[in-house]
Amino acid sequence: MIKITFPDQKVREYPEGSTALEIARSISEGLARNVLSAKINGVVWDATRPIHEDAKSQLLTWDDAEGKSTMWHSSAHLMAEALEYFYPGVKFGIGPPVDHGFYYDVDLGEHSISPEDFKKIEDKMLELARQANKYVRKEVPRTEAIEYFREKGDEYKLDLLEDLQDGSITFYQQGNFTDLCRGPHIPDTGYVKAVKLLNIAGAYWRGDEKRKQLTRIYGITFPKKSQLDEYLAMLEEAKKRDHRKIGKELEIFTFDDDVGPGLPLWLPNGAVLIEQLEKLAKQTEQEAGYQRVRTPHIAKENLYLTSGHLPYYADGMFPPMEMDGEKYYLKAMNCPHHHKIFKELNPSYRDLPVRLAEYGTCYRYEQSGELFGLMRVRSLQMNDAHIYCTKEQFAQEFNAVNEMYLRYFKIFNIEKYIMRFSTHEPKKLGKKYVDNPELWIQTEDMVRNVLIDSRIPYVEVADEAAFYGPKIDVQVWSAIGREFTLATNQVDFAVPARFGLAFRNSQNQMETPICIHRAPLGTHERFIGFLIEHYAGNFPIWLAPKQLSILPISEKFNSYAKKVLELLGISDIRGLVDLRDEKIGRKIRDAELKKVPYMLIIGEKEQAENKVSVRKHGTGDLGTFGIPEIIQLIQKEIDKSLNVK
RNA sequence: GCCGAUGUAGCUCAGUUGGCCAGAGCUACUGAUUUGUAAUCAGUGGGUCGGGGGUUCGAAUCCCUCCAUCGGCUCCA
């Protein structure tokens, strides 16, 4: 007998060799039907794999992320079986579960596949699923595994076997399909009740662009048909939030072929958004002791040779222009210019920290395939500043920056994010990273301590640092689920020395400052793109391009409406009058569709009483207000949004 | 940059096997209407069918090429 400990700490005894499925059945048949896999002593196992020793056990169902993963991993095998049926000789790369579904990388050889083929593959998968074929685990000696895939001619699996030790190799077989796989899998294919193939993409073998590109097929499966319908509905909803769609509808930005890819044109509404954002940032930074500077968009080659960017990152910059026998580059970052300003200021330790802020426009040559609406562009305005401080001041400065991030997140109601702390990889010192092992460790410790002390949740990832120091990136997700860096906070202990930056310390010795690169609002392009999706275009009133729309019932009230707009304008309220010869229902509809926060309706009664009827976007009629009252209402709402300390 | 898909009026789209001057709705403009909380009616205008080249008696439709966009991969200082 073995002792099984459940998550609630209850212990029960089972015969040696029992499976998670049998354990589930001993509790209830219903549970047994839902068990997809189990966590045995912290490792996810097949529900049908015998357990031979005392263990902590957690049964995994569709409600557990790991249960879903098991299902999707098995679904990848199911899709592989269907693919092999239609495309004999297909070779398989890897086929893992992902956040929403699974994919399989395949080499179709002579064949090709398009979305039109999805239906027949889905149908085949469902047919195979109905057969409820068992997923059978088999431990295989390495030589036998190699023999199997050599005979099958699958060089990708052979490549994978290169990295595997004898004794750790397992095959899983269901129906007519056998795969090299560590598992685990669901008990049989019958658990799959709904299948949807999502898209096709190219993917390099082992993620290496020098290797062959395979065809990646994405799909998702569910244990219930209704769950698939819900998922598809959710995808449709997400598409409605897409900043590219809303950005067009609300006339925020556009791209033009003659201007160039990745070079956004900000329409008047978009310009208001940026200006409001900058107004907030300037105010925040002024309070935090930053000074504003301004620098040109280009610089001579030598600046980037000094900074060390050119040898490493020339590919990411626009090619140089030649002028008077000199090469000039469009700046891809502001720091070198700011370093020069620091040098000119020639501060002593008494003047530190020096905090230089500039929302400089930078140009980066992103690969054409990388461009993505406002989220990934070639001209970008960084919410940039560089803080030069002493080692002693570092922790406090770094912490203050993090606090500024958190304050912004509160203002924008950003709740779903991850702080990603990127550190160096010692083996790559001198190549990818500046060769100064002590400083790396010392700086990373300083950053880690700040994070721990301020109890900011974070994840640490090795080998993702900047070449000049560790960094913290704030990761968020777009409406369609793509992850990207919103804000960044980087430590630089290397480049200031390259620029010969120094200050005189209290002992009258020259010392190199540490530099903190920080961009809490990332780039204004990406931040606005994110905000459009975050708010689905329903901006808080302080940001809204038009805060209200004044809607006269008929032409007779146009002049009173214009007067109201003028009065509101004196209080810095942004609005417009809908002077079109349309009925009020139409004007309201259009203002609602444009997501204008407030509509002021003006007719005979309002004009006579010197008042306005207020309708709130998405809410409806609020009743009649005097002009001072409406000003107060809006100003209160703005204060509430911005004063969140 | 790579794989795959897409590109028709300001916007959203139809035109699916090549065949009369390329269509619709919304927008815009003109007129009528003077309107009370999510679309008033009528008329008018608007398109090098992404660009270039080719096949054909004839191309939005077939082929080549370039550009852009979309989904991924790679990249992201």
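Labels below follow one simple rule: chain letters A, B, ... track the order of the sequence lines, proteins then strands, and each chain is numbered from 1.
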Next on the checklist: Please determine whether any donor N or O and acceptor N or O are separated by less than 3.5 Å between the side chain of A:Arg376 and the base of B:rC75.
Outcome noted: yes
Query raised in the report: Any idea how A:His534 and A:Phe530 line up, ring-wise: parallel (<30°), tilted (30 to 60°), or perpendicular (>60°)?
Result: parallel
From the candidates B:rC70, B:rA77, B:rA38, the one with an atom nearest any side-chain atom of A:Arg589 is B:rA38
| query | If we take the C1' atom in both B:rU27 and B:rA59, what is their distance in whole Å? | reply | 31 Å
Whichever of A:Tyr218 and A:Asp315 has the more 5' nearest nucleotide on RNA chain B, that residue is A:Tyr218
| field | A:Arg615 (side chain) and B:rA38 (base): donor-acceptor pair under 3.5 Å | value | yes
Apply side-chain hydrogen bond (donor to acceptor under 3.5 Å, both in side chains) to A:Asp107 and A:Trp205, showing your working. CA-CA 10 Å; A:Asp107 182 347; A:Trp205 174 236; over 6 Å; no
In Watson-Crick or G-U wobble terms, with both distances under 3.5 Å, the base opposite B:rA5 is B:rU69
Checklist line | B:rC41 versus B:rU34 - spacing of their P atoms, nearest Å | finding: 16 Å
(Q) Once hydrogens and angles are ignored, does a donor-acceptor distance under 3.5 Å link the base of B:rG10 to the side chain of A:Glu251? (A) no
* Would you mind checking if A:Arg216 and A:Asp105 are paired as a salt bridge, meaning a charged N to carboxylate O distance below 4.0 Å? => yes
- Task: Classify the ring geometry between A:Tyr363 and A:His297 as parallel (under 30°), tilted (30 to 60°) or perpendicular (over 60°).
- Result: tilted
Exercise for the section: Using a heavy-atom cut-off of under 4.0 Å over every strand shown, decide if A:Lys471 touches base, sugar-phosphate, or nothing. Expected result: sugar-phosphate
The nucleotide from B:rG72, B:rU40, B:rA68 with an atom nearest the side chain of A:Pro261 is B:rA68
Here the distance between atom P of B:rA77 and atom CG of A:Leu330, to the nearest Å, is 19 Å
Review point. If you look at every strand shown and take non-hydrogen atoms under 4.0 Å, does A:Glu116 touch a base, only sugar-phosphate, or nothing?
Key: nothing
Would you indicate what A:Phe467 reaches in the nucleic acid, counting non-hydrogen atoms under 4.0 angstrom: base, sugar-phosphate, or nothing? nothing
Of all heavy-atom pairs linking A:Cys389 and A:Phe394, the shortest is SG-CA, 3.9 Å
Whole-Å distance, A:Glu483 CD to B:rG72 P, equals 13 Å
Against the six-membered ring of A:Tyr365, is A:Arg378 placed for a cation-pi contact (under 6.0 Å from the centre, within 45° of the normal)? yes
Check this for me: does any side-chain nitrogen of one of A:Arg206 and A:Asp208 sit under 4.0 Å from a carboxylate oxygen of the other? no
### Query
Is the shortest side-chain N/O distance from A:Arg244 to OP1 or OP2 of B:rC70 below 4.0 Å?
yes
Discussion item. Any heavy-atom pair between the side chains of A:Phe253 and A:Ile528 that's under 4.5 Å?
Written reply: no
Report task. Could you measure between the two C1' atoms, the one in B:rG7 and the one in B:rC66, and give it in whole Å? Result -> 14 Å
Does B:rU37 have OP1 or OP2 sitting under 4.0 Å from an N or O in the side chain of A:Lys587? no
>> It should be established whether A:Lys248 places a side-chain nitrogen or oxygen under 4.0 Å from OP1 or OP2 of nucleotide B:rG10.
In response: no
Rounded to whole Å, the CG-P distance (A:Asp578 to B:rA38) equals 15 Å
When both distances are under 3.5 Å in a Watson-Crick or G-U wobble arrangement, the nucleotide paired with B:rC29 is B:rG43
Measuring only the P atom in each nucleotide, how far is B:rA60 from B:rC20? A whole number of Å is fine.
10 Å
With a 3.5 Å cut-off and heavy atoms only, can you find an N or O donor on one side and an acceptor on the other between the side chain of A:Ser554 and the base of B:rU35? no
Considering only heavy side-chain atoms of A:Phe372, the closest of B:rG72, B:rG71, B:rA77 is B:rG71
Side-chain atoms of A:Ile584 come closest, of B:rG36, B:rG1, B:rA38, to B:rG36
Which part of the nucleic acid, if any, lies within reach of A:Tyr468 when heavy atoms closer than 4.0 Å are counted: base, sugar-phosphate only, or nothing?
-> sugar-phosphate
Partner of B:rU12 under the Watson-Crick or G-U wobble criteria, both distances under 3.5 Å, comes out as B:rA24
Mind checking A:Gln490 for me? I need base, sugar-phosphate or nothing, with any heavy atom below 4.0 Å counting as a touch.
-> sugar-phosphate
Rounded to whole Å, the CZ-P distance (A:Arg211 to B:rG1) equals 24 Å
When rounded to whole Å, the CZ to C1' distance for the pair A:Phe255 and B:rC70 reads 13 Å
pair_partner(B:rU48), Watson-Crick or wobble, both distances < 3.5 Å, evaluates to none
(Q) For the P atoms, the ones on B:rU6 and on B:rC62, what distance do you get once it is rounded to whole angstrom? (A) 10 Å
So, do A:Leu600 and A:Phe625 sit near enough that their side-chain heavy atoms are less than 4.5 Å apart? no
Ranking A:Gly373 and A:Ile602 by the position along RNA chain B of their nearest nucleotide, the one closer to 5' is A:Ile602
In whole angstroms, the gap separating C1' of B:rU69 from CZ of A:Phe253 amounts to 13 Å
- Expressed as a whole number of Å, how far does the C1' atom of B:rC21 sit from that of B:rC49? 15 Å
Interface polar pairs with nucleotides 2-4 of chain B, N/O, under 3.5 angstrom:
| from | atom 1 | to | atom 2 | distance (Å) |
| --- | --- | --- | --- | --- |
| B:rC2 | O4' | A:Tyr204 | OH | 3.3 |
| B:rC2 | O2' | A:Gln213 | OE1 | 2.2 |
| B:rC2 | O2 | A:Gln213 | NE2 | 2.9 |
| B:rC3 | O4' | A:Gln213 | OE1 | 2.3 |
| B:rC3 | O2 | A:Gly202 | N | 3.0 |

Paired to B:rC76 by Watson-Crick or G-U wobble criteria (both distances under 3.5 Å) is none
Of the listed B:rC11, B:rA77, B:rA68, the closest approach to the A:Asp257 side chain comes from B:rA68
When rounded to whole Å, the CD to C1' distance for the pair A:Glu609 and B:rG36 reads 14 Å
When rounded to whole Å, the CZ to P distance for the pair A:Arg518 and B:rA77 reads 18 Å
Report task. Assign the ring pair A:Tyr104 / A:His77 to parallel, tilted or perpendicular, where the plane angle (0 to 90°) is split at 30° and 60°. Result -> tilted
Is A:Met317 touching bases, backbone alone, or none of the nucleic acid, heavy atoms closer than 4.0 Å? base
Just checking A:Gly207: base, sugar-phosphate only, or nothing, at a heavy-atom cut-off of under 4.0 Å? sugar-phosphate
query = Expressed in whole Å, how much space separates the P atoms belonging to B:rG1 and B:rG43?
reply = 50 Å
Testing B:rU27, B:rA38, B:rG72 for proximity to the side chain of A:Arg586, the answer is B:rU27
Scan the side chains in residues 610-620 of chain A for donor-acceptor partners under 3.5 Å anywhere in the protein, sequence neighbours excluded, and list what turns up.
| from | atom 1 | to | atom 2 | distance (Å) |
| --- | --- | --- | --- | --- |
| A:Ser613 | OG | A:Glu606 | OE2 | 3.0 |
| A:Arg615 | NE | A:Glu592 | OE2 | 2.9 |
| A:Arg615 | NH2 | A:Glu592 | OE2 | 3.0 |
| A:Lys616 | NZ | A:Tyr598 | OH | 3.3 |
| A:His617 | ND1 | A:Glu592 | OE1 | 2.8 |
| A:His617 | NE2 | A:Asn538 | OD1 | 2.7 |

Check your understanding: Using atom C1' of each nucleotide, how far apart are B:rU55 and B:rU69 to the nearest Å?
Key -> 28 Å
Checking N1-N3 plus N6-O4 or O6-N4 for Watson-Crick, or N1-O2 and O6-N3 for wobble, each under 3.5 Å, the partner of B:rG58 is none
